[in-house]
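So the structure is just underneath, and the comments pick up after that.
Below, chains carry the letters A, B, ... as their sequence lines are ordered, and counting in each starts from 1.
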Amino acid sequence: MLLKHRIAQLVTQAAQEAQRQGALPPGPVPEVEVERPQNPEHGDFAVSLPLKLARAARMNPMTIAQRLLPLMPVEEFILEARVWPPGFINFHVKQRWLQEQVEEVLGQGQRYGDLPQAQPLKVQVEFVSVNPTGPVHVGHARGAVLGSGLASILAAAGHHVSKEYYINDAGTQMGVFYRSLYARYLQALGREAPMPENGYMGDYMVELGREAAQEHGDRFARMPEVEAVAALGRLGLERMLAIIRADLEAVGVTFDVWFNEGSLYETGQYGEAMELLRRNGYLAQREGATWFSSTLLGEDKDNVLVRSTGEPTYFASDIAYHRNKFLVRGYDRVINIWGADHQGHVSRLKAAVGALGVDPGRLTVIISQLVTLKQGEEAVRASKRKGNIVTLRELVEEVGPDACRFFFLSRSPESQMEFDLDLAVQQSADNPVYYVQYAHARIASILRLARERGLDWSAGDVSLLTHEAEAALIRRMLQLPELVETMAQRLEPHHLPRYAMDLATAFHWFYQQCRVVSGEPEERAVSLARLKLVEACRVVLARCLSLMGMSAPERM
RNA sequence: GCCCCUGUAGCUCAGAGGAUAGAGCACCGGCCUCCGAAGCCGGUGGCGGCGGUUCGAGUCCGCCCAGGGGUACCA
């Protein structure tokens, strides 16, 4: 159990005991929140329960705190507790315990930061899912990095996580893509062919057309147009997906499942979903179309599922898709990461999930606000159709995958961010990401030197780690499991880069003050202890970097 | 109009109702005869506005101002 939870237990028990003894008036005891004080003077953990109880108990919070204190069976080897005005109880961990945690971290190794999970959930994180009508651009990168980071964190928190990409291969946009490709293909063969209205004008389409022409000659040109568009379209779709997959892999984003929208129709699941909605009383026929009666569930308006042309909307597909997630594949929890331009879709999808008989609370949609691009003074508008894409690939080539991930991971999804392309490139030479990686490389270098000198620190005595900077470093290292828990609960990966910075700072500060590999014989024992600490620090730093999907360099 | 997100340092952003609001970049000043100076130490500088709830508000509520997104038988 994490120490903070143990503390919550202790305080709760003390409060209940105080009530039993009449030292506190009876009444409900609120859930105890354990905080990490900013000021080190206030200890390692703090509880403000006395302040919260003061009003109901009609007592001075300091008095409450003082009465609670002796009732807490504080583990004497781990903690001591003190009362602080205006009514906090501050907990300090003992130096001895702190020192022993170095061994603990080393013992856990790469698993350090993993949480024991009594009730592991089957969780799906679906993200990116851009239409395969063009390459992934910078705007999607944010959701991509967010999703993969979140998945790593949930896995560390002990859940069974699956990362999924939903391929919208059945919609009207794909038709436009296919016809655009056909036109570019014919043009590559030197024929006159008009691009369709609202066609995809990007250079990559020209490239795809040329590729097809080179590989297949005029084979498709000799077919009837409808057939050619379909056959060529299949190829184009495959090609586009391969490009998308490769581009995402370049920023360390991978998926466990690539799910085809089309399969929902081929396997009859679309029909089953609609039938379920009908049975549950949420379908209505009106004006020649089929509607989802979302107003029955408190929505502002109903939504069309099947157009009067007989064509299903993407919303209908999405309902079938979510039926599949919950009722066919049985995910306990589904997390979708969408761009802000889909924000209006959230509540009706949740309503639809409810209409399928699934608790909508099992679906979480994280909206990542749009990334606005800026280059110099100019705002860049990324649009696939207009063709002025700034692709993810271009970005990764310029800034590098690690900086890219760190940058996107640092921001909370709900704040819109301005991505200054010039700045991103410029910062890549002087970026916080290198600060963290530098700490890791520095550690690697220290350990290399120690090995060269034939030092064996496996028997190092951690009780010699008494320096202020050593204690501060250990304290920081011990926060990772708590952080993983918080991030998994709140679905907020963006705390990780900041923590990694703090951890690196603690290490650099320690390094500045404490000589690790020393030639002096009388400092030998301390050296060995410090080498243990340094190695443990590397474990934590490496885990941070791996959770963020970044490399942990041995040298830079 | 209605709905969602956001206004925190010059810039980019963190801040589960707690104690003296933080970091990176930028700027100013110190620190390498010694394990990596891609580092360390110090300094300048800030919660859009007005009310309210609370022992306590950057955080919660209301109004105002500002920016972004959504509001289709588009995706």
Residue list, ring pair (Phe, Tyr, Trp, His ring centres under 6.0 Å) with A/Tyr511, at least two apart or on another chain: none
- prompt: In the 5'-to-3' direction, what one-character label does each nucleotide of nucleotides 33-38 of chain B receive under the scheme B = base within less than 4.0 Å of a protein heavy atom, S = sugar-phosphate only, - = no such atom?
  reply: -BBBSB
query: NA contact type, A/Glu311, heavy-atom cut-off 4.0 Å: base, sugar-phosphate, or nothing?
result: nothing
- prompt: Does A/Asp318 make a side-chain donor-acceptor contact with the base of B/A75, cut-off 3.5 Å?
  reply: no
query: Heavy atom of residues 288-309 of chain A under 4.0 Å from RNA chain B: which residues?
result: A/Ala289, A/Lys301, A/Val304, A/Arg307, A/Ser308
- prompt: With pairs taken as Watson-Crick or G-U wobble and both distances under 3.5 angstrom, which stems of at least three consecutive pairs involve RNA chain B?
  reply: B:1-7 with B:65-71, B:10-13 with B:22-25, B:27-31 with B:39-43, B:48-52 with B:60-64
- prompt: When we call it a touch if two heavy atoms are under 4.0 Å apart, what does A/Arg55 touch: a base, just sugar-phosphate, or nothing?
  reply: sugar-phosphate
Show me the side-chain donor-acceptor pairs of residues 516-523 of chain A shorter than 3.5 Å, one per line, residues at least two apart or across chains.
| residue | atom | partner | partner atom | Å |
| --- | --- | --- | --- | --- |
| A/Ser518 | OG | A/Glu520 | N | 3.1 |
| A/Ser518 | OG | A/Glu523 | OE1 | 2.5 |

- prompt: Does A/His440 have its ring centroid less than 6.0 Å away from the ring centroid of A/Phe507?
  reply: no
- prompt: Heavy atoms under 4.0 Å, any strand shown: does A/Gln437 hit a base, just sugar-phosphate, or nothing?
  reply: nothing
message: Students often get this wrong, so: under 4.0 angstrom with heavy atoms, is A/Ala46 touching a base, only sugar-phosphate, or nothing?
response: base
message: Just to be sure I understand the rule, does A/His342 reach a base, reach only the sugar-phosphate, or reach nothing, if contact means heavy atoms closer than 4.0 Å?
response: base
query: What interatomic distance, in whole Å, is found between C1' of B/G18 and the corresponding atom of B/U54?
result: 12 Å
field: Pairs where residues 41-51 of chain A contributes a residue and the test side-chain hydrogen bond (donor to acceptor under 3.5 Å, both in side chains) is met, not counting sequence neighbours
entry: A/Asp44-A/Arg475, A/Ser48-A/Lys52
- request: Could you tell me whether the side chain of A/Gln38 has a donor or acceptor atom within less than 3.5 Å of a complementary atom in the base of B/A19?
  value: no
query: With sequence neighbours excluded, what pairs up with A/Phe408 under the ring pair (Phe, Tyr, Trp, His ring centres under 6.0 Å) test?
result: A/Phe419
task: Scan A/Phe88 against the nucleic acid and name what it touches under 4.0 Å (heavy atoms): base, sugar-phosphate only, or nothing.
output: base
Where A/Leu305 and A/Ala316 come nearest, the two heavy atoms and their spacing: O-CB, 3.4 Å
field: nucleotides 6-13 of chain B: protein proximity per nucleotide (B base, S sugar-phosphate only, - neither; heavy atom, under 4.0 Å)
entry: S-----SB
- request: For A/Ser551, enumerate each residue passing the side-chain contact (heavy atoms from CB on, under 4.5 Å) test, keeping only those at least two apart in sequence or located in another chain.
  value: A/Asp402, A/Gln437, A/Pro553
query: Taking NZ, NE, NH1 and NH2 as the nitrogens, is one of them in A/Glu35 or A/Lys4 under 4.0 Å from a carboxylate oxygen of the other?
result: no
- prompt: Residues in ring pair (Phe, Tyr, Trp, His ring centres under 6.0 Å) with A/Tyr282, at least two apart?
  reply: none
- request: Could you tell me whether A/Arg538 and A/Glu554 make a salt bridge, using a distance below 4.0 angstrom between a side-chain N and a carboxylate O?
  value: yes
task: Test A/Phe406 against every option in A/Leu545, A/Val433, A/Val399 by the side-chain contact (heavy atoms from CB on, under 4.5 Å) rule and name the one that passes.
output: A/Val433
Let me check something: any side-chain donor-acceptor pairs from residues 339-351 of chain A under 3.5 Å, sequence neighbours excluded? List them with distances.
| residue | atom | partner | partner atom | Å |
| --- | --- | --- | --- | --- |
| A/His345 | ND1 | A/Arg348 | NE | 3.2 |
| A/His345 | NE2 | A/Asp318 | OD2 | 3.1 |
| A/Ser347 | OG | A/Glu299 | OE1 | 2.8 |
| A/Ser347 | OG | A/Glu299 | OE2 | 3.4 |
| A/Arg348 | NH1 | A/Gly344 | O | 3.4 |
| A/Lys350 | NZ | A/Leu363 | O | 3.1 |

message: Quick check on B/C41: syn or anti? Syn means the glycosidic torsion is within 90 degrees of zero.
response: anti
message: Aromatic contact between A/Phe510 and A/His467, with the criterion being ring centroids under 6.0 Å apart: yes or no?
response: no
- prompt: With A/Tyr321, which residues qualify under ring pair (Phe, Tyr, Trp, His ring centres under 6.0 Å), at least two apart?
  reply: A/Tyr166, A/Phe259
message: Let's see if you can work this out: which of B/A75, B/A16, B/C4 has an atom nearest to the side-chain heavy atoms of A/Tyr314?
response: B/A75
